[in-house]
Number of protein chains: 2
Amino acid sequence: MPRPRSLTLEQLALAALAVIDRDGLAGLSMRTVAKELAMSPMGLYRYVADREELEGLVVDRVLGAVDATPPPADTPWQERVETMAGRLRDAVIRHPGAIPLTVIHRHHAAAGLRWSETVLGILAEGGVDDVRRVVALRALHAYVTGAIQLEHLGALSGDGTAVIANLPKDRFPLLAETARTAGAVGPDEEFFGGLRLILRGLAD
Amino acid sequence: MPRPRSLTLEQLALAALAVIDRDGLAGLSMRTVAKELAMSPMGLYRYVADREELEGLVVDRVLGAVDATPPPADTPWQERVETMAGRLRDAVIRHPGAIPLTVIHRHHAAAGLRWSETVLGILAEGGVDDVRRVVALRALHAYVTGAIQLEHLGALSGDGTAVIANLPKDRFPLLAETARTAGAVGPDEEFFGGLRLILRGLAD
DNA sequence: CTGTTGAGCATACGCCGTACGCTTACGTGT
DNA sequence: ACACGTAAGCGTACGGCGTATGCTCAACAG
């Protein structure tokens, strides 16, 4: 009966993502998102209860882009887990500014549950059972979450590594040497290399 | 010649940490820290350039509590890595409110470098070389960082797991079943269980 | 005792999230 | 065709944030 809404929640999420992609997470505010939608700041509160809920919409949108359909079953199960981890990483890295939000709000995003369900299916087919499967899923979550953040805060081939390489060799001999090696390790080699450690550890 | 400073950087860090421990990270502001020190807000700027630098002091303090001396060499090297990871986790978890800060600022904390140096030494003694050592250290960082955050955002034995356990079984059969198993997995079993996956994957 | 230096403070500005209450466009029932 | 009820969207305001700017005055060197 009353006036119909002029926006969808998806449009809100898209506007917020546009702000984040353009000005970074620090540029995100109710006011900037409202401006992006040619709306008044208080108008947003007809759609979300508070800023946190808006952030949740953004995360839903980012993680919703992850393809959760099980990869073809004709490849080894470890490789299928790698595929799933890679898909998640790709989707998240497409919006680097939103990474802290995805960490905080992933719990409440339905897309995250679908990803987990698929990964659990693959683990089950790989013969990982019960408690081991719980621990494995949780470890994969922890690793992927941490690796993406580390990659975003400073890639192994970035400036931070160069700084470490110049550390005093008497106090940090291994670190300095390792940093020089690290400069040559690309992001993919780093991410999937670490992931394979977990997957090898899962085999029995 | 002029008036001497009345505080040390350590006192700043302690005051900020006290605020965080009492009121959470959201309660941290230049004003609340100043109040904690019975100072005016602008007085803090004689010690730090901005809020970010103050956060760095907090992280230095938190990670400075980590014992970085190499564990006794008479235990298997994997076990020594577990010890180091456990020490880091213990120190960080002592101040849960500061966890997001430790993630953001760990790069610039000297204590983090000492931890890495020790872990690299253990890995070297375990026969992990060159690129494999780089990848291993980075994976350990990623895992520990991610696991601590996950644990803080919601332990496996917490409410979130119960919610997941009640998910519709037709759409999330494995997830719902797994969640029921997960309720019985304690934080230590979860943390070290995942860690051991990486360490097993490192063996050859 | 005096001069110099910087420690600490008071004020102010432009942001932020959001509580509150109004106006007004709209779909409906007559 | 028209009046009505509803909620969409807006204007204003408040308390809090980080911090730029410029002052006062405590403490020591000579």
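This one's a predicted model, so the numbers in the text were calculated from it and none came from an experiment. Within every chain, numbering begins at 1; the chains are lettered A, B, ... in the order of the sequence lines, protein sequences first and strands thereafter.
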On the nucleotide [N], are OP1 or OP2 found under 4.0 Å from the side-chain N or O atoms that [X] carries?
| X | N | result |
| --- | --- | --- |
| R46(A) | dG9(D) | no |
| S6(B) | dG8(C) | yes |
| S40(B) | dG8(C) | no |
| Y45(A) | dA8(D) | no |
| R51(A) | dG17(C) | yes |

Contact list for residues 179-199 of chain A, test ring pair (Phe, Tyr, Trp, His ring centres under 6.0 Å), sequence neighbours left out: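 Qualifying pairs, neighbours excluded: Y143(A)-F191(A).
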Contact nearer the 5' end of DNA chain C, comparing M39(B) with P2(B):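 Nearest nucleotide further toward 5': that of P2(B).
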Whole-Å gap separating [atom2] ([N]) and [atom1] ([X]):
| X | N | atom1 | atom2 | answer |
| --- | --- | --- | --- | --- |
| D23(A) | dC15(C) | CG | C1' | 14 Å |
| L28(B) | dG16(D) | CG | P | 16 Å |
| Y47(B) | dT19(D) | OH | P | 18 Å |
| L7(B) | dA26(D) | CG | C1' | 15 Å |

For V119(B), run the side-chain contact (heavy atoms from CB on, under 4.5 Å) check against H141(B), R80(B), M84(B) and tell me which one passes.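 Answer to the side-chain contact (heavy atoms from CB on, under 4.5 Å) test with V119(B) among H141(B), R80(B), M84(B): M84(B).
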Among dG8(C), dG9(D), dT18(C), the nucleotide that comes nearest once only the side chain of M42(A) is considered: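 Closest nucleotide to the M42(A) side chain: dT18(C).
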Tell me whether the side-chain N or O atoms of R5(B) pair up with the base of dG6(C) as donor and acceptor below 3.5 Å, since no angle test is needed here.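 Side chain to base: no pair present.
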With no angle test and no hydrogens, is the base of dA27(D) tied to the side chain of R3(B) by a donor-acceptor pair under 3.5 Å?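 No pair found.
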With a sphere of 6.0 Å drawn around CZ of R22(A), does it hold more than 12 non-hydrogen atoms of other residues, nucleotides or ligands?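 Check passes, neighbour count above 12.
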For a quick check under 3.5 Å, do H95(B) and R61(B) share a side-chain donor-acceptor pair by atom type?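 Not at all, the side chains of H95(B) and R61(B) share no donor-acceptor pair under 3.5 Å.
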Between D50(B) and R31(A), name the one whose nearest nucleotide on DNA chain D is closer to the 5' end.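 The residue mapped nearer the 5' terminus is R31(A).
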Report the residues that fulfil salt bridge (Lys or Arg N to Asp or Glu O under 4.0 Å) with E177(A), sequence neighbours left out, ordered by chain and then residue number.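 Per chain and number, E177(A) pairs via salt bridge (Lys or Arg N to Asp or Glu O under 4.0 Å) with R133(B).
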